[in-house]
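Only one structure is covered here, and it is reproduced in the block below.
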Number of protein chains: 2
Amino acid sequence: MNNKDFRILLVDDEPDILEFIAYNITKEGFEVCTAQNGKEAIDVAKKVNPHLILLDVMMPEMDGIETCEILRQEEDLKDTIIAFLTARGEDYSQIAGFDAGGDDYITKPVKPKVLLSRIKALLKRFRASNEDEKSEGLVIKQSDLVIDKEKYIVTKSDKELILPKKEFELLLLLITKPDKVFTRDEIFNAVWGENIVVGDRTIDVHIRKLREKIGDNHIKTIKGVGYKFVN
Amino acid sequence: MNNKDFRILLVDDEPDILEFIAYNITKEGFEVCTAQNGKEAIDVAKKVNPHLILLDVMMPEMDGIETCEILRQEEDLKDTIIAFLTARGEDYSQIAGFDAGGDDYITKPVKPKVLLSRIKALLKRFRASNEDEKSEGLVIKQSDLVIDKEKYIVTKSDKELILPKKEFELLLLLITKPDKVFTRDEIFNAVWGENIVVGDRTIDVHIRKLREKIGDNHIKTIKGVGYKFVN
DNA sequence: AATCAATATTAAGATAAAGTTAAGTTTTTT
DNA sequence: AAAAAACTTAACTTTATCTTAATATTGATT
């Protein structure tokens with residue numbers, strides 16, 4: 001997949017910024033479209049179905065957060081990555097942004113190089129998850145476990161287990177690559193996200209609950225390294 | 001690439017802060033060096049060529065912004081990430097920081113966990129560009145041994161061996177260059193890290209345990225020089 | 001062959017990492 | 001608004017792994 005196959009929707013109310021950023025990402029070969037407010041953004045998004053939306057938080061009328069929440073309800077856009085553009089110091093918006101379904105936030109002013117590096121990182125995630133889904137389908141089977149990603153259900157030898165979100169995602173992560181050791185950092189990034197900070201023992205507690213439900217012998221600890229799923 | 005392979009230069013005029021932050025990032029295994037002013041920072045940066053510089057903005061004589069501008073002129077430091085440390089509310093400095101070539105800013109006071117999360121996010125960019133690691137095969141084979149880095153497993157003629165972290169890394173080091181003699185210093189630097197001090201016999205004990213598991217005839221002692229892996 | 005520094009061997013002690021539990025928070029559901 | 005569920009934290013326990021220390025062995029050098 002080439003840069004030119006990625007559609008990026010850029011939303012900001014200031015024409016200067018719009019032009020500046022659009023220029024820089026166009027130069028890298030991405031396909032860019034723009035919108036000046038939340039309403040327009042939603043219209044354009046529905047039409048072009050972009051892979052990535054760069055969404056300014058501070059906008060008149062409908063702000064970025066609100067726009068994001070509406071975008072997230074759109075079924076077609078569920079795979080779209082949404083990154084917020086926020087002015088420095090707007091700590092609150094960062095947190096709220098994640099609640100609203102944002103995947104990342106980028107603080108303005110941002111240097112073109114940095115921005116592009118962030119965009120590429122985000123799109124890499126897209127590539128990765130896209131390939132996963134195609135190759136693996138929505139149901140994963142490993143030993144006595146069947147995981148249905150869509151239904152959010154785990155079946156252990158024909159018994160249905162209902163796992164809370166975090167436990168489910170943790171299991172899903174480990175099980176996608178059986179035997180691979182996932183470091184704590186990898187797990188945090190994948191399950192909690194890069195910018196969320198939680199205590200050291202949180203992961204252990206979730207591992208424990210998982211083991212309680214799927215059996216002790218599936219998740220193995222490699223002390224000082226991480227955890228892995230084994231059959 | 002391991003945390004201990006990342007060099008971080010920390011610059012702040014207040015010894016307390018210096019010590020506090022240094023303590024916290026050292027604990028995570030990063031290699032840290034410090035400087036108390038802009039001039040010193042430039043000297044040290046040239047010498048150690050750090051991956052990341054955490055630079056306090058408010059410093060007597062030469063402030064962080066100015067220091068950054070000078071650092072940015074250094075050819076060797078063009079890949080170095082520079083992040084500013086600023087007190088909350090110093091609005092101006094943040095903007096100026098980006099003009100000066102900074103990549104990020106972090107507001108003080110900062111909680112250790114948050115700081116570390118930010119640092120890891122910044123260094124991830126480095127890792128990403130340095131990504132030959134992944135393509136560089138995760139499995140190494142030598143004589144009857146197969147080492148799987150991803151799974152953290154060593155297989156000796158179809159028998160799985162589980163090696164603890166230090167033993168695994170030690171074997172990995174030796175086996176990447178069969179027949180090369182690694183001195184004790186080289187081994188310490190690679191497996192333990194530059195700043196960790198352990199007794200002389202520690203290495204012998206690990207070698208012994210390795211020999212116990214993979215067979216006596218693979219690791220050869222060159223008295224007075226070091227150890228090497230032979231087939 | 002005697003010497004001596006370097007390495008080997010062991011087992012015990014120390015340590016850092018992970019496990020456990022229960023009590024707080026927060027979020028979601030009713 | 002109350003209740004329940006999910007998540008996080010914190011204090012404490014356990015354990016695998018690492019280090020040390022004491023003693024033995026090796027092998028180069030004279």
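In this text, all values refer to a predicted model and were calculated from it rather than measured experimentally. Labels below follow one simple rule: chain letters A, B, ... track the order of the sequence lines, proteins then strands, and each chain is numbered from 1.
- For D:dT8, one of the phosphate oxygens OP1 or OP2 lies less than 4.0 angstrom from a side-chain nitrogen or oxygen of A:Trp192.
- A donor-acceptor pair is defined here as one N or O able to donate and one able to accept, closer than 3.5 Å; such a pair exists between the side chain of B:His51 and the backbone of B:Arg7.
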#### Entry: Check against salt bridge (charged side-chain N to carboxylate O under 4.0 Å, His left out), A:Asp216 and A:Arg211
CA-CA 5 Å; A:Asp216 272 356; A:Arg211 295 215 251 235; 5.0 Å; no
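- If you measure from atom CD1 of B:Ile207 to atom P of C:dT10, you get 16 Å, rounded to the nearest angstrom.
- Taking atom CD1 of residue B:Ile162 and atom C1' of nucleotide D:dT17, one finds them 14 Å apart after rounding to whole Å.
- Using a distance-only test at 3.5 Å, with no hydrogens or angles considered, a donor-acceptor pair links the side chain of B:Glu186 to the main chain of B:Thr183.
- If you check D:dT17, C:dT10, D:dT8 against the side chain of B:Arg208, the one that comes closest is C:dT10.
- Relative to the side chain of A:Pro164, the nucleotides C:dT7, D:dC7, D:dC18 differ in distance, and D:dC7 lies closest.
- Rounded to an integer number of Å, the gap from B:Lys27 NZ to C:dA17 C1' is 13 Å.
- Defining each end axis of the helix from C:dA1-D:dT30 to C:dT30-D:dA1 as the rotation carrying four pairs' C1' atoms onto the next four, with five pairs an end, the two axes are found to diverge by 30° to 10 degrees.
- Of the listed nucleotides (D:dC7, D:dT20, C:dT20), D:dC7 has the atom at the smallest distance from the side chain of A:Lys166.
- Separating the CD1 atom of B:Ile203 from the P atom of D:dT20 is a distance of 12 Å, rounded to the nearest angstrom.
- Rounding to whole angstrom units, CZ of residue A:Arg184 and P of C:dA16 are separated by 16 Å.
- Taking the six-membered ring where the residue is Trp, A:Trp192 and A:His206 present perpendicular rings, their angle passing 60° and hence far from 30°.
- B:Glu167 contributes no side-chain N or O that, together with a main-chain N or O of B:Leu163, makes up a donor-acceptor pair within less than 3.5 Å.
- To the nearest 0.5 Å, the span separating CG on A:Asp148 from NZ on A:Lys141 amounts to 10.0 Å.
- Of the candidates C:dT9, C:dA18, D:dT8, C:dT9 carries the atom nearest the B:Asp204 side chain, counting heavy atoms from C-beta on.
- With hydrogens and angles ignored, the 3.5 Å screen pairs a side-chain donor or acceptor of A:Lys228 with a backbone N or O of B:Lys151.
- Distances from the side chain of A:Lys209 to the nucleotides D:dT19, D:dC7, C:dA18 place D:dC7 closest.
- Atom CD1 of B:Ile222 is separated from atom P of D:dG27 by 12 Å (rounded to the nearest Å).
- A donor-acceptor contact under 3.5 angstrom links the side-chain atoms of B:Lys223 to the base of D:dT26.
- Considering only the side chain of A:Thr221, C:dA18 comes nearest among D:dC18, C:dA18, C:dT7.
- Distances shown here put a side-chain N or O of A:Tyr227 below 4.0 Å from the OP1 or OP2 atom of C:dG19.
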### Task
Take B:Glu19 and B:Asp12, measure what side-chain contact (heavy atoms from CB on, under 4.5 Å) needs, and give me the verdict at the end.
CA-CA 10 Å; B:Glu19 193 190 344; B:Asp12 202 309; over 6 Å; no
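- The phosphate of D:dT19 (OP1 or OP2) has a side-chain N or O of B:His206 nearer than 4.0 angstrom.
- Within the 4.0 Å cut-off from OP1 or OP2 of D:dT23, not a single side-chain nitrogen or oxygen of B:Arg201 is found.
- Taking atom OH on A:Tyr152 and atom P on D:dA5, their separation rounds to 19 Å, with Å as the unit.
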